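Following: one structure in structure tokens, then a few remarks.
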Amino acid sequence: MLSMKNLSRIYRTDTVETHALRDFSLEVGEGEFVSVTGPSGSGKSTFLNIAGLLEEYTDGSYELDGRNVATLNDRERSRLRNEKIGFIFQSFNLIPELDVFDNVDVPLRYRGFTASERARRIEKVLDTVGLASRRKHLPSQLSGGQQQRVAIARALAGEPRFLLADEPTGNLDSRMADSVMDLLCDIHSKGTTIIMVTHEPTLATRAERNIFVRDGQICVGELPLELAAAASA
């Protein structure tokens, strides 16, 4: 599904060279749920941006769904991203002037679906996230947890094979965070591949596999003390 080999990402200025990723190698199979943890500045977000085709890498190789990313032009990358990948962000990124239904509809319009097909998909995902009755509410009329569920519905509406979540519970209290994690686990149980970046050890351990990143590299066989403690609890 996802294969990165010896990936590096270097940011350069006139005087400074920063290595965000170093020889980063990772395989994620179809239907896996993988959590990625690590200290701030360790390269987690850079990895997720590259995985989601939002950012270029400097060296190495990356294949997504059997396609060599390096061979794709901008249009092909956009098409692969729009058709295969769903994104969930910490800040929800909902459009405040649009109601729930129309927020979920936004990415579908770019896919060229008919109005009836878009409506079918939207109703389906709003039912999945438990917000069918809130379809005409504005984001300001929803709790933080409900707004994140709208963001998840928006990510799922395109029926992606691959879901990338960047701190999806970062702006939520513990009760709402558990609720969102329950939803992600349910989505995963139905076959969606998920990679989730998180700082929360107890949430990270709910994934099938945990990866710890430090200084732009995967630390094989190493977990931070708090993650190891959560895993053994």
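Values reported hereafter were calculated over all heavy atoms of this structure, with side chains retained and with hydrogens, waters and symmetry mates removed. Here the structure is a predicted model, which means the values were calculated and not measured.
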Separation of L26 CG from L2 CG (nearest 0.5 Å) | 6.0 Å

Side chains of R154 and L94: closer than 4.5 Å at any heavy-atom pair?
-> yes

Note, V69 side chain near R77 side chain (heavy atom, < 4.5 Å) | yes

So which heavy atom on P139 is nearest to which on P96, and how close?
-> CD-O, 3.7 Å

Check the pair E63 / K5 against salt bridge (charged side-chain N to carboxylate O under 4.0 Å, His left out), numbers first and verdict last.
-> CA-CA 9 Å; E63 290 188 3; K5 295 181 180 179; over 6 Å; no

Donor-acceptor pair, side chain of R134 and main chain of L126, under 3.5 angstrom = no

Close side-chain approach of E55 and I50, heavy atoms under 4.5 Å | yes

Please test R209 against E32 for side-chain contact (heavy atoms from CB on, under 4.5 Å), starting from the C-alpha separation and ending with a verdict.
-> CA-CA 8 Å; R209 181 155 59 110; E32 277 200 271; 3.0 Å; yes

What heavy-atom pair brings T37 and T198 nearest, and what distance separates the two atoms?
-> CG2-O, 3.3 Å

E123/R135 salt bridge by N-O under 4.0 Å criterion = yes

In one Ile/Leu/Val/Met/Phe/Trp/Tyr side-chain cluster, 4.5 Å: M196, L172 | yes

Between V104 and A157, what is the shortest heavy-atom contact and its length?
-> CG1-CB, 3.8 Å

Rounded distance [0.5 Å steps], CE in M1 versus CD1 in I195 = 8.5 Å

Residue among N171, L142, V100 satisfying side chain to side chain contact (heavy atoms under 4.5 Å, CB included) with Q147 | L142

Do any N or O atoms from the side chain of Q217 and from the backbone of D23 form a donor-acceptor pair under 3.5 angstrom?
-> no

Would you call I187 and I152 a side-chain contact if the rule is heavy atoms closer than 4.5 Å?
-> yes

Close side-chain approach of K84 and R67, heavy atoms under 4.5 Å = no

Show your reasoning for whether side-chain contact (heavy atoms from CB on, under 4.5 Å) applies to Q90 and D166.
-> CA-CA 6 Å; Q90 177 179 349; D166 190 3; 5.9 Å; no

Under a 4.5 Å side-chain heavy-atom rule over Ile, Leu, Val, Met, Phe, Trp and Tyr, are I122 and L163 clustered together?
-> yes

Would you give the length of the straight line joining atom CG of L156 to atom OG1 of T192, rounded to the nearest 0.5 angstrom?
-> 6.5 Å

Over all atoms of both residues, closest heavy-atom pair of G43 and L21 = O-CD2, 3.6 Å

So S78 and R75, side chain to side chain donor-acceptor pair (under 3.5 Å) or not? Walk me through it.
-> CA-CA 5 Å; S78 294; R75 177 174 293 182; over 6 Å; no

Between the side chain of Q146 and the main-chain N/O of L131, is any donor-acceptor distance below 3.5 Å?
-> no

Side chain N103, main chain L98, donor-acceptor under 3.5 Å = yes

Can you tell me if R149 uses its side chain to pair, donor with acceptor, with the backbone of G130 under 3.5 Å?
-> no

Derivation of the side-chain contact (heavy atoms from CB on, under 4.5 Å) call for H199 and S40 = CA-CA 9 Å; H199 280 97; S40 296; 3.9 Å; yes

Summary of ring-ring contact (aromatic ring centres under 6.0 Å, His included) pairs that have at least one residue in residues 29-74, sequence neighbours excluded = F24-F47, F33-H188

Test item: side-chain donor near acceptor, S3 and E27, under 3.5 Å = yes

Considering all heavy atoms of both residues, which atom of S61 and which atom of L7 are nearest to each other, and what is their separation?
-> O-CD1, 3.5 Å

Does T46 reach the main-chain N or O of A20 with its side chain, forming a donor-acceptor pair under 3.5 Å?
-> no

Evaluate the criterion side-chain contact (heavy atoms from CB on, under 4.5 Å) for residue pair V36 and L48; output intermediate values, then yes/no.
-> CA-CA 9 Å; V36 181; L48 208 66; over 6 Å; no

Within one Ile-Leu-Val-Met-Phe-Trp-Tyr cluster: F162 and I211, side-chain cutoff 4.5 Å | yes

So CG of L72 and CG of L80: to nearest 0.5 Å the spacing works out to 6.5 Å

Does the S35 side chain pair with the main chain of A204, one donor and one acceptor, at a distance under 3.5 Å?
-> yes

Which pair of non-hydrogen atoms, one from L64 and one from A51, has the smallest distance, and what is that distance?
-> CD2-O, 4.3 Å

So, D182 and R206, do they make that salt bridge, N to O below 4.0 Å?
-> yes

Is the backbone N or O of S42 less than 3.5 Å from a side-chain atom of R214, with the two atoms forming a donor-acceptor pair by type?
-> no

With hydrophobic residues grouped by side-chain heavy-atom distances under 4.5 Å, do L53 and F87 end up in a single group?
-> yes

Salt bridge (Lys or Arg N to Asp or Glu O under 4.0 Å) partners of residues 91-107, not counting sequence neighbours, each pair once | D99-K136, D105-R109, D105-R118

More than 12 heavy atoms from other groups under 6.0 Å of CG on N73 = yes

Rounded to the nearest 0.5 Å, what separation is found between the CZ atom of R121 and the OG atom of S116?
-> 11.0 Å

Answer yes or no: is there an ion pair linking R79 with E76, defined by an N-O contact shorter than 4.0 Å?
-> no

Is the backbone N or O of P39 less than 3.5 Å from a side-chain atom of K44, with the two atoms forming a donor-acceptor pair by type?
-> yes

From I88 atom CD1 to L183 atom CG, the distance as rounded to the nearest 0.5 Å | 8.0 Å

Got K190 and D186 here, is their nearest side-chain heavy-atom distance under 4.5 Å?
-> yes

Between the main-chain N or O of T114 and the side-chain N or O of E117, is there a donor-acceptor pair closer than 3.5 Å?
-> no

Hydrophobic cluster identity match, L108 and I85, side-chain contacts under 4.5 Å | no

Any side-chain heavy-atom pair of R81 and L54 under 4.5 Å | yes

More than 12 foreign heavy atoms under 6.0 Å from CG of D215: is that the case here?
-> no

